[in-house]
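Each ligand, and each atom within it, is numbered from 1 in the order the structure gives. Just so you know, residue 1 is the first one in the sequence shown, and it goes up from there.
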Amino acid sequence: MSNPDFASKVAIVTGGGSGIGEACAVLLAGRGAQVVIADRDLDAARRVAGEIGDSAAAFGIDVSDPAGCEAMVSRTLDTFGRLDVAVNNAGIGGQQALTGNFPLDNWEKVIAVNLSGVFFSMRAEIPAMLGEGGSIVNMASVLGSVGAVGSVAYVSAKHGVVGMTRTAALEYARQGIRINSVGPGFVETPMLPAGTARVRPWGSSRTPLGRRGTAHEVAELVAFLASDRASNITGSYHLVDGGYTAR
Ligand code: NAP
């Protein structure tokens, strides 16, 4: 194995059945991890686990359900015996509407998955890491640091993920659990086409590098932060956005 950063380590990737989560699961497995792919789309999780092989397992969960997140960790411990790495990546895009007119039901849904889902995941994962230590990477967005017209729920959730990451990192640094967040710019995944036609031009015209990112480019950053190579990095927020927020 050329880069065995995760040999004998066990990782959970939420939303690992598609897009960025799939790329993270494949990269972590390729570097030696046993990987639990947890997704509400169980068929998608099974497809990715099947492509990885015996070192992967697929679980169907909804991260907006705290009991589901507890079950995800219990089943990980039952299956692989430990938990070293968690990539809390599951998320949804949300509708486009101005704040004064934003649909209440979509606000509740986006906050439940993109904000509470990360909290419920960490709340279940951290106790399983106490003692041995571990590394958590939470998926925020560039919209964890800048606003976007029409996306109040998504932007609020992603700013919240950055803040909860910093707080949990402070709380668990002395117990050897590092917790960081990642802020991708616009990335080619199945999430983007639905309801995001308005932002489609951003990939080329408003990103200094002149293109959208790839899921693999995000996964490379996630894998670095999750690994012992990032042993002095915690509580921080790392952009992978083609220079979008440098303007
Ligand atoms: P994606 O291709 O749609 O993948 C997300 C996966 O998460 C899907 O398999 C989805 O299942 C699953 N999921 C959604 N809600 C869930 C829930 N409640 N519980 C468990 N699984 C759930 O999206 P992506 O683009 O890879 O996005 C992954 C993360 O990156 C998200 O947090 C997103 O906000 C963030 N992000 C994406 C971009 C981008 O440009 N793509 C940019 C910045 C940040 P379903 O297919 O059933 O929904």
Just how far is it from atom [atom1] of [X] to atom [atom2] of [Y], taken to the nearest 0.5 Å?
X    : Y    : atom1 : atom2 : result
K158 : L143 : NZ    : CG    : 9.0 Å
I179 : I233 : CD1   : CD1   : 14.5 Å
R82  : T76  : CZ    : OG1   : 12.5 Å
Q34  : I12  : CD    : CD1   : 12.5 Å
S121 : M72  : OG    : CE    : 4.5 Å
C24  : N89  : SG    : CG    : 6.0 Å

Taking heavy atoms and a distance under 4.0 Å, where does [X] meet ligand 1: side chain, backbone, both or neither?
X   : value
D62 : both
I92 : side chain
I20 : both

- For atom 33 (C) of ligand 1, which of M191, R212, K109, E22 has the closest heavy atom? M191
- Identify which of S121, A38, G91 has a heavy atom lying nearest to atom 5 (C) of ligand 1.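 Closest candidate by heavy-atom distance is G91.
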Please list, in number order, the atoms of ligand 1 under 4.0 Å from a heavy atom of [X].
X    : result
G19  : 2 (O), 26 (O)
P190 : 2 (O)
I61  : 19 (N), 20 (C)
V113 : 15 (N), 18 (N)

Check this for me - ligand 1, [X], N or O atoms closer than 3.5 angstrom, yes or no?
X    : value
Y154 : yes
V187 : yes
K158 : yes
D39  : yes
G17  : no
S18  : yes

Non-hydrogen atoms of [X] versus ligand 1: any pair closer than 4.0 Å?
X    : result
T14  : no
G117 : no
G185 : yes

- Query: Does CZ in R123 sit with more than 12 non-hydrogen atoms of other residues, nucleotides or ligands closer than 6.0 Å?
  - Reply: no
- Item | Shortest non-hydrogen separation from V155 to V146 and the atoms involved |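 Closest heavy-atom pair between V155 and V146: CG1-O, 3.8 Å.
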- Message: Please check: side-chain N/O of N180 versus main-chain N/O of Y237, any donor-acceptor pairing under 3.5 Å?
- Response: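 Side chain of N180 to backbone of Y237: no pair is present.
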In terms of residue, atom name and distance, what is the protein heavy atom nearest to [atom]?
atom                    : result
atom 35 (C) of ligand 1 : M139 CG, 3.7 Å
atom 24 (P) of ligand 1 : T189 OG1, 3.5 Å
atom 47 (O) of ligand 1 : R40 NE, 3.0 Å
atom 28 (C) of ligand 1 : N89 OD1, 3.2 Å
atom 44 (C) of ligand 1 : A140 O, 3.3 Å

- Message: side-chain contact (heavy atoms from CB on, under 4.5 Å), that's the test. Do V161 and M139 meet it? Break it down for me.
- Response: CA-CA 8 Å; V161 167; M139 195 56 63; over 6 Å; no
